[in-house]
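Step one of this worksheet: look at the structure below.
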Amino acid sequence: MKITLVGAGAIGSLWAGALARQGHAIHLWRRQTDTAFTLQWQGLDAPDTDTFTFCCNQPERLTSSDVILITVKAFQVLEAIQSIAPWLRTATPVIVMHNGMGTENEVLQLLPDNPVLYATTSQAALRVDHQSVRHTGVGPTWLGAVNRAGEQWQSLAGVLNTALAPCQWHEDIHAPQWQKLAINCAINPLTAIHQCRNGYLAAPDFTAELTDICREVAAVMTAAGHTTSSEELVQRTLTVIQATAANYSSMQQDVANQRPTEIDAITGFLIEQAHHFQLATPANFALWQQIKHLEQNYG
Ligand SMILES: NC(=O)c1ccc[n+]([C@@H]2O[C@H](COP(=O)([O-])OP(=O)(O)OC[C@H]3O[C@@H](n4cnc5c(N)ncnc54)[C@H](OP(=O)(O)O)[C@@H]3O)[C@@H](O)[C@H]2O)c1
């Protein structure tokens, strides 16, 4: 397939290399104006790297693409879509893949006629430098439609699955998005505030705070139609903390490097939904405030 990836950061480069290895023709849409980009791609536990040179920023390649995969951060999605819109055919399916939630309505307004799909992934990638990416963890990717036209594109889950398994189609993509958001609400702000690895949160000192966070998230998820319990979310969070104990979360890294975080698309989205359902989320609100304070005081 002819695939354009918009945003060649860590996760975009990971998918670009993995899809290129399957023989797909990859074109990158980047903020830099270069017309080519050479990527060193290292698979999980692989000793050697593959080298790919991708064509970039060619409007005609965008127009002729069979699918567009958008892999920017949540707060970059709208600008990224605006930048491709003039060359996008309305028949071309667009997949938006980011952590957090809350961009969907505006994306659908920007792309009223395109098939629009969302993906949420637990694959992990590290951008070693601007031209090198390493696959650092395997996890499920879920793909699903958010409009009627998108429902015709279940086959794209197979394309992604062949490149980086496992990827499955989900009839209600909001369900895995909420599950990922719940874990992110617990782990990301705490690791960013304490500047620690995920595993640090397994200490008994954090039990009460994690329980409070999960209780609030469970209430909002249940009100939104994704019934769960505080106990289930605490258990899932502890499982992820243990499985990723040595890792730094993306929000920890963003704060450490004084970059904008995705707090508004994660905890901010939860708070917004809680407000809609008239639920109180004081523990999550306190975390949101602390991350905003950190961001506002970057040097
Ligand atoms: N990294 C992971 O392991 C991982 C795992 C699961 C989910 N995710 C999620 O995946 C999303 C992307 O994360 P990431 O870690 O890949 O972030 P990232 O490394 O910052 O990559 C984002 C890329 O998008 C580019 N970009 C931003 N605006 C653009 C625009 N208008 N046009 C073209 N390119 C644009 C950025 O360009 P510049 O280089 O110019 O800044 C950057 O290269 C996030 O929601 C993240 O939470 C990441």
Side-chain angles (χ1 to χ4, degrees), residues 4-18 27-34 37 39 41-42 44 54 56-59 61-62 68-88 94-104 107 110 118-143 160 164 167 176-177 179-181 183-185 187-189 191-192 198 240 243-244 246-269 291:
T4 291
L5 271 110
V6 180
I11 211 75
S13 298
L14 174 71
W15 281 99
H27 165 241
L28 303 181
W29 192 259
R30 306 178 70 227
R31 288 201 279 209
Q32 295 75 7
T33 52
D34 327 21
F37 177 72
L39 174 71
W41 190 97
Q42 188 172 15
L44 195 70
F54 298 118
C56 306
N57 300 335
Q58 306 292 309
R61 289 281 304 264
L62 193 50
I68 311 289
L69 177 54
I70 300 185
T71 51
V72 299
K73 294 203 162 177
F75 54 83
Q76 299 167 327
V77 166
L78 299 181
E79 195 182 314
I81 290 179
Q82 279 159 347
S83 78
I84 60 169
W87 298 285
L88 196 57
V94 177
I95 302 173
V96 182
M97 181 186 284
H98 65 70
N99 274 349
M101 296 173 76
T103 61
E104 185 183 313
V107 166
L110 285 176
Y118 268 69
T120 177
T121 187
S122 295
Q123 297 284 356
L126 178 69
R127 205 177 181 186
V128 182
D129 58 42
H130 278 292
Q131 293 197 282
S132 313
V133 70
R134 189 187 307 148
H135 188 192
T136 52
V138 176
T141 300
W142 292 99
L143 179 70
L160 297 183
L164 276 181
C167 175
Q177 282 181 313
Q179 291 293 341
K180 183 100 196 284
L181 186 118
I183 304 296
N184 286 152
C185 280
I187 296 178
N188 285 24
T191 52
N198 294 355
V240 173
T244 62
N247 297 5
Y248 288 108
S249 76
S250 56
M251 199 173 288
Q252 184 281 336
Q253 293 174 55
D254 286 337
V255 169
N257 292 292
Q258 304 212 334
R259 294 185 301 238
T261 73
E262 293 185 297
I263 192 72
D264 285 334
I266 297 174
T267 309
F269 179 78
I291 298 293

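For reference, positions follow the sequence shown, starting with 1. Whatever order the structure lists ligands and atoms in, that order sets their numbers, starting from 1.
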Considering only non-hydrogen protein atoms, determine which one is nearest to [atom] and report residue, atom name and distance to 0.1 Å.
| atom | result |
| --- | --- |
| atom 17 (O) of ligand 1 | Lys73 CE, 3.4 Å |
| atom 10 (O) of ligand 1 | Ile11 CG2, 3.5 Å |
| atom 1 (N) of ligand 1 | Ala125 O, 3.4 Å |
| atom 25 (C) of ligand 1 | Gly7 CA, 3.7 Å |
| atom 26 (N) of ligand 1 | Val72 CG1, 3.5 Å |
| atom 31 (N) of ligand 1 | Ala80 CA, 3.5 Å |

So which bit of [X] gets within less than 4.0 Å of ligand 1, heavy atoms only: side chain, backbone, both or neither?
| X | result |
| --- | --- |
| Ala265 | neither |
| Thr136 | neither |
| Gln76 | side chain |

Closest contact, heavy atoms only, [X] versus [Y]:
| X | Y | result |
| --- | --- | --- |
| Val133 | Ala10 | CG2-O, 3.5 Å |
| His130 | Phe37 | O-CZ, 3.2 Å |
| Cys56 | His27 | C-NE2, 3.6 Å |
| Leu160 | Cys167 | CB-SG, 3.7 Å |
| Ala119 | Thr141 | CB-CG2, 4.5 Å |

Is a side-chain N or O of [X] found less than 3.5 angstrom from the main chain of [Y], in a donor-acceptor match?
| X | Y | result |
| --- | --- | --- |
| Gln252 | Thr191 | no |
| Thr120 | Trp142 | no |
| Gln123 | Gly139 | yes |
| Asn57 | Gln32 | yes |

Gln123 touching ligand 1 at heavy-atom level, < 4.0 angstrom: yes
Is there a heavy atom of Gln32 sitting under 4.0 angstrom from any atom of ligand 1? yes
Looking at [X], which atoms of ligand 1 are within less than 4.0 Å of one of its heavy atoms?
| X | answer |
| --- | --- |
| His98 | 45 (O) |
| Thr71 | 12 (C), 22 (C) |
| Arg127 | 19 (O), 39 (O), 43 (O) |
| Trp29 | 33 (C), 34 (N) |
| Ala124 | 3 (O) |

Plane angle bin for His135 and Trp41 - parallel if under 30°, tilted between 30 and 60°, otherwise perpendicular: tilted
N/O of [X] under 3.5 Å from N/O of ligand 1, yes or no?
| X | value |
| --- | --- |
| Arg31 | yes |
| Glu262 | yes |
| Asn99 | yes |
| Ala10 | yes |
| Met97 | no |

If you apply the rule side chain to side chain contact (heavy atoms under 4.5 Å, CB included), what do you find for Ser13 with Arg127, and how did you get there? CA-CA 8 Å; Ser13 298; Arg127 205 177 181 186; 5.6 Å; no
Compare all side-chain heavy atoms of Leu181 with those of Phe269 and state whether any distance is below 4.5 angstrom. yes
Assess the side chains of Thr71 and Trp15: does a donor N or O sit below 3.5 Å from an acceptor N or O? no
For atom 21 (O) of ligand 1, which candidate among Ser83, Gly100, Gly9 holds the nearest heavy atom? Gly9
